Amino acid sequence: MNVNLTLPYSYDFDRALERLAGNPVHSVNLEQRCVHVPMDEGNIVTVQATGTLYEPSFIIKGVYSEKQLDHIKWVFHFEESLDGIAVHFSKTDLAPIFKEHLGTPLVRSFSLYGELMKSIIHQQLNMSFANVLLMRFVEKYGSEIDGVWVYPEPERIATVPVEELRELQFSTRKAEYVIGLSQAIASNVLDLESLREKSDEEVTTELTAYRGVGPWTAQGFLMFGLGRANLFPVADVGLQNALKKLWQLDRKPTQDEMRARFQDWSPYLSYAALYLWRSIEVSPMK
DNA sequence: TGCCAGGAATTGC
DNA sequence: GCAATTCATGGC
């Protein structure tokens with residue numbers, strides 16, 4: 001079925017699409033203002049913008065059920081206003097950045113498992129090479145439904161030998177991280193769905209117990225996987241560079257310097273991080 | 001051409 | 001306990 005949706009507050013779907021397009025696994029069409037979302041049930045849902053920043057409306061095509069529609073609303077944060085958050089930041093040093101990127105939402109990952117795999121693959125690598133590795137991973141082990149790439153099942157990756165990922169140019173350690181975590185998930189030792197109900201602290205403790213998951217990866221999972229509002233990954237080089245630029249430093253800020261100054265942004269640290277990343281990303285629309 | 005990259009584990013003192 | 005080193009390879 002197709003559903004029309006109108007929001008009573010500002011929401012910039014085109015900016016959301018720009019960010020989604022940064023991940024080559026995603027199927028985004030900027031001209032048609034839409035993205036294709038693979039669902040757990042195996043179908044593909046298309047979300048397309050039909051409105052504007054201040055009068056946002058959408059058509060959601062191909063949802064099977066009310067449950068699927070709720071999931072789409074959850075993924076795109078359709079039922080929470082960004083306007084209050086923008087007001088919060090208007091009183092901080094991030095005001096110019098929030099004005100520039102007004103209405104940019106925190107879109108959740110389409111797959112919790114995919115978010116974890118992506119995070120580990122991206123660790124310590126420049127974006128372009130990290131995305132090459134990610135696409136090799138998805139093309140080799142994932143599937144393609146109607147032209148839309150879908151992350152593999154953890155059960156598949158759990159059986160992959162380290163040497164096979166080495167052929168894709170994974171480091172040995174990175175291969176071990178990806179396989180080990182997939183084994184834990186496939187064997188139900190780690191239940192990603194259950195993390196939805198747990199606190200930020202509980203999720204961090206549970207995830208960082210695994211090799212390959214440190215603070216940065218756990219915070220990224222909370223922010224983009226679960227959509228939690230108050231995380232700021234101080235280990236992130238992109239955020240360090242964004243703050244170097246904002247604060248006009250001649251070097252990257254230390255993690256302590258970042259923590260000392262981000263209290264004003266709480267309880268929306270995730271949005272501060274999101275908008276800071278945007279502030280140093282080149283916009284293909286401009 | 002080295003240094004750096006949307007880190008994390010391991011080693012060394 | 002910490003700081004330094006290692007991991008692997010492409011990008012600039």
Side-chain angles (χ1 to χ4, degrees), chain A residues 15-16 18-26 94 97 101 104 106-109 114-138 140 161-182 184 190 203-228 231-246 249-259 262 265 269-284:
Chain A
R15 288 260 169 76
E18 271 182 29
R19 242 195 101 67
L20 288 173
N23 179 349
V25 176
H26 290 147
L94 293 183
I97 289 175
H101 301 283
T104 304
L106 178 60
V107 177
R108 293 178 167 103
S109 308
E115 173 63 31
L116 264 186
M117 295 298 104
K118 181 173 95 76
S119 289
I120 291 173
I121 289 169
H122 269 254
Q123 286 171 6
Q124 175 58 20
L125 298 177
N126 64 74
M127 293 296 286
S128 62
F129 180 54
N131 280 328
V132 168
L133 283 190
L134 181 63
M135 268 323 280
R136 285 179 187 160
F137 178 76
V138 173
K140 186 169 177 72
V162 168
E163 305 77 57
E164 209 171 279
L165 288 176
R166 286 285 296 137
E167 291 170 11
L168 303 186
Q169 291 183 289
F170 281 54
S171 66
T172 301
R173 285 207 296 222
K174 192 161 286 196
E176 289 169 353
Y177 297 163
V178 162
I179 294 166
L181 207 47
S182 297
L190 173 58
V203 173
T204 300
T205 301
E206 190 163 342
L207 287 181
T208 55
Y210 293 91
R211 283 186 79 235
V213 183
W216 178 86
T217 303
Q219 288 160 348
F221 181 85
L222 283 162
M223 192 181 313
F224 291 111
L226 301 180
R228 303 289 171 86
L231 282 300
F232 198 90
V234 289
D236 187 273
V237 174
L239 292 179
Q240 292 166 12
N241 285 326
L243 288 174
K244 175 188 173 187
K245 181 180 172 188
L246 177 72
L249 307 174
D250 56 4
R251 53 166 178 78
K252 289 179 292 190
T254 66
Q255 297 190 8
D256 283 338
E257 287 169 340
M258 297 166 80
R259 289 191 194 92
F262 72 34
W265 307 333
L269 293 177
S270 301
Y271 288 87
L274 174 66
Y275 283 58
L276 281 166
W277 274 314
R278 286 305 290 165
S279 74
I280 55 167
E281 287 167 356
V282 282
S283 168

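Everything numeric here is computed off the predicted structure, so don't read it as measured data. Reminder, nothing fancy here: chain letters follow the sequence lines and each chain counts from 1. Only this structure's heavy atoms are used, side chains among them; waters, hydrogens and symmetry mates stay out.
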Going by an N to O cut-off under 4.0 Å, is there a salt bridge joining A/Glu115 and A/Arg108? no
Nearest atoms (heavy-atom pairs only) where A/Phe232 meets A/Met258: CE2-CE, 3.7 Å
Measuring to OP1 and OP2 of C/dT6, would you say a side-chain N or O of A/Lys174 lies under 4.0 angstrom away? no
Any donor-acceptor pair under 3.5 Å joining the side chain of A/Gln124 to the base of B/dA5? yes
Closest to the A/Gln169 side chain, choosing from B/dA8, B/dA5, C/dT9: C/dT9
Within the structure shown, what part of the strands sits under 4.0 Å from A/Pro215 by heavy-atom distance: base, sugar-phosphate, or nothing? sugar-phosphate
Separation of B/dG7 C1' from A/Gln255 CD (nearest whole Å): 10 Å
Is there side-chain contact between A/His122 and A/Leu133, with heavy atoms separated by less than 4.5 Å? no
Length of the line joining A/Asn131:CG and C/dG11:C1', which is rounded to integer Å: 13 Å
Which atom of A/Lys174 lies closest to which atom of A/Ile121, heavy atoms considered: NZ-O, 3.0 Å
Rounded to whole angstrom units, what separation is found between the CZ atom of A/Phe129 and the P atom of C/dC7? 16 Å
Closest heavy-atom pair, A/Val162 versus A/Glu176, reported as atoms and distance to 0.1 Å, is CG2-CG, 4.0 Å
Could you tell me whether A/Val213 contacts a base, only the sugar-phosphate backbone, or nothing, with contacts defined as non-hydrogen atoms closer than 4.0 Å? sugar-phosphate
Using a 4.0 Å heavy-atom cut-off across all strands, classify A/Lys118 as base, sugar-phosphate, or nothing. nothing
Classify the nucleic acid contact of A/Tyr177 as base, sugar-phosphate or nothing, counting any heavy atom under 4.0 Å across all strands shown. sugar-phosphate
Any A/Ser119 side-chain N or O less than 4.0 Å from OP1/OP2 of B/dG7: no
The nucleotide from B/dG7, B/dA5, C/dG11 with an atom nearest the side chain of A/Ser128 is C/dG11
Nearest heavy atoms of A/Pro253 and A/Gln240, plus distance in Å: CD-O, 3.2 Å
Between C/dT9 and B/dT1, how far apart are the two C1' atoms, rounded to whole Å? 15 Å
Using a cut-off of less than 4.0 Å, is there contact between a side-chain N or O of A/Arg251 and OP1 or OP2 of B/dC4? no
Can you measure A/Lys252 atom NZ to B/dC4 atom P for me and round it to whole angstrom units? 7 Å
Taking only the side-chain nitrogens and oxygens of A/Thr217, find out if one of them lies under 4.0 Å from OP1 or OP2 of B/dA8. yes
Protein-nucleotide distance (A/Leu207, atom CG; B/dA8, atom P), rounded to Å: 11 Å
Between B/dG7, C/dG10, C/dC7, which one does the side chain of A/Asn126 approach most closely? C/dG10
What's the gap between C/dA8 and B/dG2 when it is taken at their P atoms, as a whole Å value? 22 Å
From CD of A/Glu176 over to C1' of B/dG7, roughly how many Å is that when rounded to an integer? 16 Å
Euclidean distance, atom CD1 of residue A/Ile120 to atom P of C/dA8 [Å, nearest integer]: 15 Å
Can you work out whether A/Thr208 or A/Gly238 has the more 5'-proximal nearest nucleotide on DNA chain B? A/Gly238
Presence of A/Asn241 side-chain N/O under 4.0 Å of B/dA5 phosphate oxygens OP1/OP2: yes
Side-chain N or O of A/Arg211 versus OP1/OP2 of B/dT10: is the shortest distance under 4.0 Å? yes
Taken to the nearest whole Å, NE2/A/His122 to P/C/dA8 is 18 Å
